[in-house]
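Presented below is the structure to which this report refers.
Residue numbers start from 1 in every chain, and the chains themselves are labelled A, B, ... in the order their sequence lines are given, proteins ahead of strands. Keep in mind that this is a model prediction, so the values were computed, not measured.
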Amino acid sequence: MKRHDQVSWTSIISGLSRMGQGKEAIWMFKEMLDSNSKPNCLTYVSVISACKGVEETFDQGTMLHAHVLKLGFNNNSFVVSSLINCYAKCGRPYQAVLLFDEATVRDTILFNSMIAAYSLNLYGEEALKLFIRMRNEDASPSDHTLTNVLNACGSLTLLHQGRQVHSLVTKLCSEKSVFLTSALIDMYSKCGSIGDARFLFDETLEKNDVVWTSMILGYAQSGKGADALELFERFEILDGNKLDHICFTAVLTACNHAGFVDKGIEYFNKMRDYGLVPQLDQFACLIDLYARNGHLRKAKELMEEMPYEPNYVMWSSFLHSCNSYGEVELGREAAYQLFKMEPWNAASYIMLANIYAKAGLWNEVTEVRKLMQQKGVRKSAGWSWVEVDKELHVFSVGDATHPESQKIYEGLEKLNFEMKEAGYIQKQLYEPEGIIYCQL
DNA sequence: TTAGGGTTAG
């Protein structure tokens with residue numbers, strides 16, 4: 001095209017965003033700002049939707065939010081829900097709450113966005129409370145709503161509430177979508193009701209790959225490795241199946257939990273037959289499989305050979321296996337890797353001390369304890385809380401008898417200041433009811 | 001002619 005107008009710019013930005021080409025969409029938006037065409041609400045919705053997940057897109061999202069405020073687009077519910085979604089996916093649920101609370105008109109999609117924002121950031125209780133409020137406010141739930149609510153029930157293992165939502169699904173949705181089916185299977189599996197999950201699975205005639213994977217994973221996480229493998233093999237021979245990385249993660253998890261070492265290796269190698277290149281998660285499964293079954297050297301070799309840097313969880317599960325098999329040398333190496341990654345995290349110090357203690361290496365145990373003292377690492381002694389009002393003034397401290405409570409109180413003055421400066425509360429510290437949890 | 005929300009993973 002020789003000339004681009006507002007609509008053609010918006011169309012290409014929207015197209016790129018929908019295709020998951022977020023970076024390109026943002027880049028195109030910047031080009032547009034330099035052109036003669038000015039973005040409108042539709043353009044902002046498209047470009048904001050392109051900001052997902054990664055840290056740099058949080059900055060992009062904040063910048064776009066500033067544009068929106070300046071241009072007065074913040075009363076458009078499409079724009080608001082795209083911003084809520086963006087903040088939720090960047091792990092900033094509090095920012096999403098602020099937007100939701102400010103909105104004057106709350107339609108179904110806005111509620112859905114906020115419920116999803118809570119659920120995604122593991123605020124299951126808040127997600128359920130908002131769902132109840134939504135019902136009281138006569139905003140009618142859609143199957144998007146119910147999917148998110150089921151997710152929250154699963155993550156809180158609330159079987160009773162999950163069943164109630166299932167009843168609502170039956171009542172409100174004449175035709176169950178694959179989204180709802182997989183969310184229900186997932187909810188029942190996570191609540192330990194694997195029989196209900198299987199019943200639903202068998203009852204569903206139109207199954208897609210996610211439905212299959214959810215069921216396989218349900219078995220894997222319930223420790224029913226053989227059932228998981230059986231189902232996977234049925235899925236494998238099915239015409240038109242779409243075996244992907246997640247499905248392989250599910251089957252590898254099953255092997256892992258059931259101790260099927262040879263099967264696990266076989267499935268890992270099979271990925272290539274389907275044109276899939278193993279990603280970090282599949283390597284993690286295989287490494288854990290080796291380590292859990294005592295093949296610690298093999299696991300270590302694989303960690304060094306694989307084309308990814310081992311992450312915290314990999315080293316951590318490896319350290320656990322070193323503890324199980326009394327492997328001091330490898331355990332020490334894993335622990336020191338973990339100290340580098342999260343020096344404040346007591347778990348790895350304690351684990352290394354345990355490994356030393358089991359081996360009777362008491363001098364080394366003392367050294368670890370000293371190291372902890374030097375770095376000011378404390379073993380967590382549970383949780384306390386501090387209640388705050390809207391202005392973040394403290395009005396009660398949870399366990400006032402605990403010697404650490406006073407420190408929390410003092411720390412809060414500083415924290416309040418920093419939070420206000422930053423304009424939001426950190427995820428770990430924020431509870432929408434006005435209670436801040438602190439680790440003692 | 002351009003716009004928002006949902007399922008599965010170590």
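A donor and an acceptor atom sit less than 3.5 Å apart, one in the side chain of A:Ser177 and one in the base of B:dG6. Donor-acceptor pairing under 3.5 Å, judged by distance alone, is present between the side chain of A:Ser81 and the base of B:dG4. For B:dG10, the base has a donor-acceptor partner in the side chain of A:Asn311 [N/O atoms by modelled type, under 3.5 angstrom]. Counting atom types as modelled, A:Asn85 pairs no side-chain N or O with a base atom of B:dG4 as donor and acceptor under 3.5 Å.
Residue A:Ser142 is in base contact, counting any heavy-atom pair closer than 4.0 Å across all strands shown. If you check every strand for non-hydrogen atoms under 4.0 Å, A:Leu217 touches sugar and phosphate atoms only. Heavy atoms of A:Ser77 sit under 4.0 angstrom from at least one base atom. Contacts of A:Lys207 with the nucleic acid, taken as non-hydrogen atoms under 4.0 Å apart, are absent. Using a 4.0 Å heavy-atom cutoff across all strands shown, A:Thr181 reaches no nucleic acid atom at all. Within the nucleic acid shown, A:Asp281 comes within 4.0 Å of at least one base atom, counting heavy atoms only.
Contact annotation: A:Ser14 reaches the phosphate of B:dA3 (side-chain N/O to OP1 or OP2, under 4.0 Å). Distances shorter than 4.0 Å separate none of the side-chain N or O atoms of A:Arg292 from OP1 or OP2 on B:dG10. One finds a side-chain N or O of A:Arg18 lying less than 4.0 angstrom from the OP1 or OP2 phosphate oxygen of B:dA3. For A:Asn151 and B:dT8, the shortest distance from a side-chain N or O to OP1 or OP2 is below 4.0 Å. For B:dG10, one of the phosphate oxygens OP1 or OP2 lies less than 4.0 angstrom from a side-chain nitrogen or oxygen of A:Gln221. Between B:dT7 and A:Lys190, no contact under 4.0 Å exists linking OP1 or OP2 to a side-chain N or O. Checking the phosphate oxygens (OP1, OP2) of B:dT7, no side-chain nitrogen or oxygen of A:Lys176 falls inside 4.0 Å.
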- Message: Between A:Glu364 and A:Arg332, does the salt bridge (charged side-chain N to carboxylate O under 4.0 Å, His left out) criterion hold? Intermediate values first, please.
- Response: CA-CA 10 Å; A:Glu364 282 80 354; A:Arg332 189 201 328 259; 5.3 Å; no
- List the steps, then state whether salt bridge (charged side-chain N to carboxylate O under 4.0 Å, His left out) holds for A:Arg297 with A:Glu301. CA-CA 6 Å; A:Arg297 306 244 155 232; A:Glu301 257 174 57; over 6 Å; no
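In this structure, A:His67 and A:Tyr44 have perpendicular ring planes: the angle between them is above 60°, well past the 30° mark.
The nearest whole Å value for the distance from the CG atom in A:Asp288 to the P atom in B:dA9 is 16 Å. Nucleotide B:dA3 holds its C1' atom 12 Å from the CD atom of A:Gln6, rounded to whole Å. Atom CG in A:Asn241 sits roughly 15 Å away from atom C1' in B:dT8 (whole-Å rounding). For the pair A:Asp5 CG and B:dT1 C1', the computed distance is 9 Å after rounding to whole Å. Rounded to whole Å, atom P of B:dG10 lies 14 Å from atom CE of A:Met271. Following rounding to the nearest Å, A:Phe73 (CZ) and B:dT2 (P) show an atom-to-atom distance of 18 Å. Computed from coordinates, the A:Ile185 CD1 to B:dG6 P distance equals 20 Å when rounded to whole Å. In this structure, A:Gln279 places its CD atom 14 Å from C1' of B:dT8, rounding to the nearest Å.
With B:dA9, B:dG10, B:dA3 as the choices, the nucleotide that has an atom nearest any side-chain atom of A:Ile246 turns out to be B:dA9. When distances run from any side-chain atom of A:Phe78 to the nucleotides B:dT7, B:dG10, B:dA3, the shortest one goes to B:dA3.
Checking side-chain atoms of A:Asn241 against main-chain N and O of A:Leu238 turns up a donor-acceptor pair under 3.5 Å.
Remark: A:Cys191 SG to A:Leu159 CG distance equals 5.0 Å, nearest 0.5 Å.
Heavy-atom neighbours of A:Met341 CE from other residues, nucleotides or ligands within 6.0 Å: above the threshold of 12. Under a cut-off of 6.0 angstrom, the local environment of CG in A:Asn36 is sparse, with at most 12 non-hydrogen atoms contributed by other residues, nucleotides or ligands.
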